[in-house]
There are 2 protein chains.
Amino acid sequence: MAVATKRSFMLDEQGCDVSEWDAGNCPVRDVIERISGKWSTLILEALAEKPYRFGELRRLVPDISQRMLTQTLRDLQRDGYIDRKVFPTKPPSVEYSMTALGHSLFEPLLKVLQWAAANHHSVKAARARYDESDMA
Amino acid sequence: MAVATKRSFMLDEQGCDVSEWDAGNCPVRDVIERISGKWSTLILEALAEKPYRFGELRRLVPDISQRMLTQTLRDLQRDGYIDRKVFPTKPPSVEYSMTALGHSLFEPLLKVLQWAAANHHSVKAARARYDESDMA
DNA sequence: CGGGATCCATTCTGATACTG
DNA sequence: CAGTATCAGAATGGATCCCG
């Protein structure tokens, strides 16, 4: 019953249908657009392993600016993926850890990361082919 | 042997280790950073279902500009995820379709989209909690 | 119809300096 | 140590005009 008329993959139930991909009312976009930043994945990947402190994360991702690290952490915290614990030591230290929600998100996300690791060569090859063919 | 000293999830083999997250030499970042754009996921989601023409995609994603649509399609094509076929009709039409590589990527990616659909409410709740608690 | 080229407004990023 | 504040440059997005 009405099988091929809709998208084959299940996303309609609570997700968003093609007909409602408009800006604000698509739950999937609302969630995805936050974790699809340049740094979000990296930070999530790090914290999925174990908690880290601010400075540690900074050293772990060498080319992130302190500004972007702060901002990314705030965003991830706001959406409930990571937790922020402040230790009133001297000097103060702040520890970031992944929440249950974060771990549950990371599970499917890891699959994508693994795909990326496994298929990087194919992507590179495709790029090479593309770049070569557009030179006259 | 040497189990917990490394990250628990498998990504080291051909992926990137924590120690080599530096800018250019991380394959995972190289792949992820391209599909994590604001529009890439949407276009992939559309083309995963069936091929579409330029104008159709535009109508499907109402709030994308023609400029960004062109650019996103080019990027996805360059990385080998989608195919571009030009029909020399009058007026001409161009059809975009997903390649085998694209479908293989979309498989794990879909899991993330489904997660987003299923957990949107949790994320919204977390946001509400966060926004409420930072008002003094 | 499916773009490319250009101009402009907005947003994002990174480097630097300063604070509790 | 863990940020905040500021500023400049890069990237992003929209609008308009043009072409095959």
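We name chains A, B, ... by the order of the sequence lines, and we start the count at 1 in each one.
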Can you identify which nucleotide, out of [options], has its nearest atom closest to the [X] side chain?
X	options	answer
B:Thr70	C:dG4, D:dG13, D:dG3	C:dG4
B:Arg53	D:dA2, D:dT12, C:dC1	C:dC1
B:Arg84	D:dG3, D:dT12, C:dG3	C:dG3
A:Val94	D:dT12, D:dA2, D:dT4	D:dA2
A:Gln66	C:dG2, D:dT4, C:dG14	D:dT4

With no hydrogens and no angle check, is any side-chain donor or acceptor of [X] less than 3.5 Å from a backbone partner on [Y]?
X	Y	answer
B:Thr72	B:Ile43	no
A:Ser40	A:Arg34	yes
A:Trp115	B:Pro108	no
B:Trp39	B:Ile64	no

Could you tell me whether the phosphate oxygens of [N], OP1 or OP2, come under 4.0 Å of any side-chain nitrogen or oxygen in [X]?
X	N	value
A:Lys38	D:dT12	no
B:Trp39	D:dG13	yes
B:Ser65	D:dG14	yes
B:Tyr96	C:dG3	yes

Report the distance from atom [atom1] of [X] to atom [atom2] of [N], rounded to the nearest whole Å.
X	N	atom1	atom2	value
A:Glu56	D:dC1	CD	C1'	12 Å
A:Glu33	C:dC12	CD	P	11 Å
B:Arg67	D:dC18	CZ	C1'	16 Å
A:Phe54	D:dA2	CZ	C1'	6 Å
A:Met68	D:dG9	CE	C1'	13 Å
A:Ile64	D:dG3	CD1	C1'	14 Å
B:Arg58	C:dG2	CZ	C1'	10 Å
B:Lys85	C:dG2	NZ	P	15 Å

Could you tell me whether A:Arg29 and B:Asp63 make a salt bridge, using a distance below 4.0 angstrom between a side-chain N and a carboxylate O?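 A salt bridge links A:Arg29 with B:Asp63.
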Residue whose nearest DNA chain D nucleotide is more 5′ - A:Pro91 or A:Arg74: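 The residue closer to the strand's 5' end, by nearest nucleotide, is A:Pro91.
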For a quick check of understanding: with a heavy-atom distance under 4.0 Å over all strands, which category does B:Phe87 fall into, base, sugar-phosphate or nothing?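 Since no nucleic acid heavy atom lies under 4.0 Å of B:Phe87, the category is nothing.
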Any donor-acceptor pair under 3.5 Å between the side chain of B:Gln71 and the base of D:dG13?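 Check fails, no donor-acceptor contact within cut-off.
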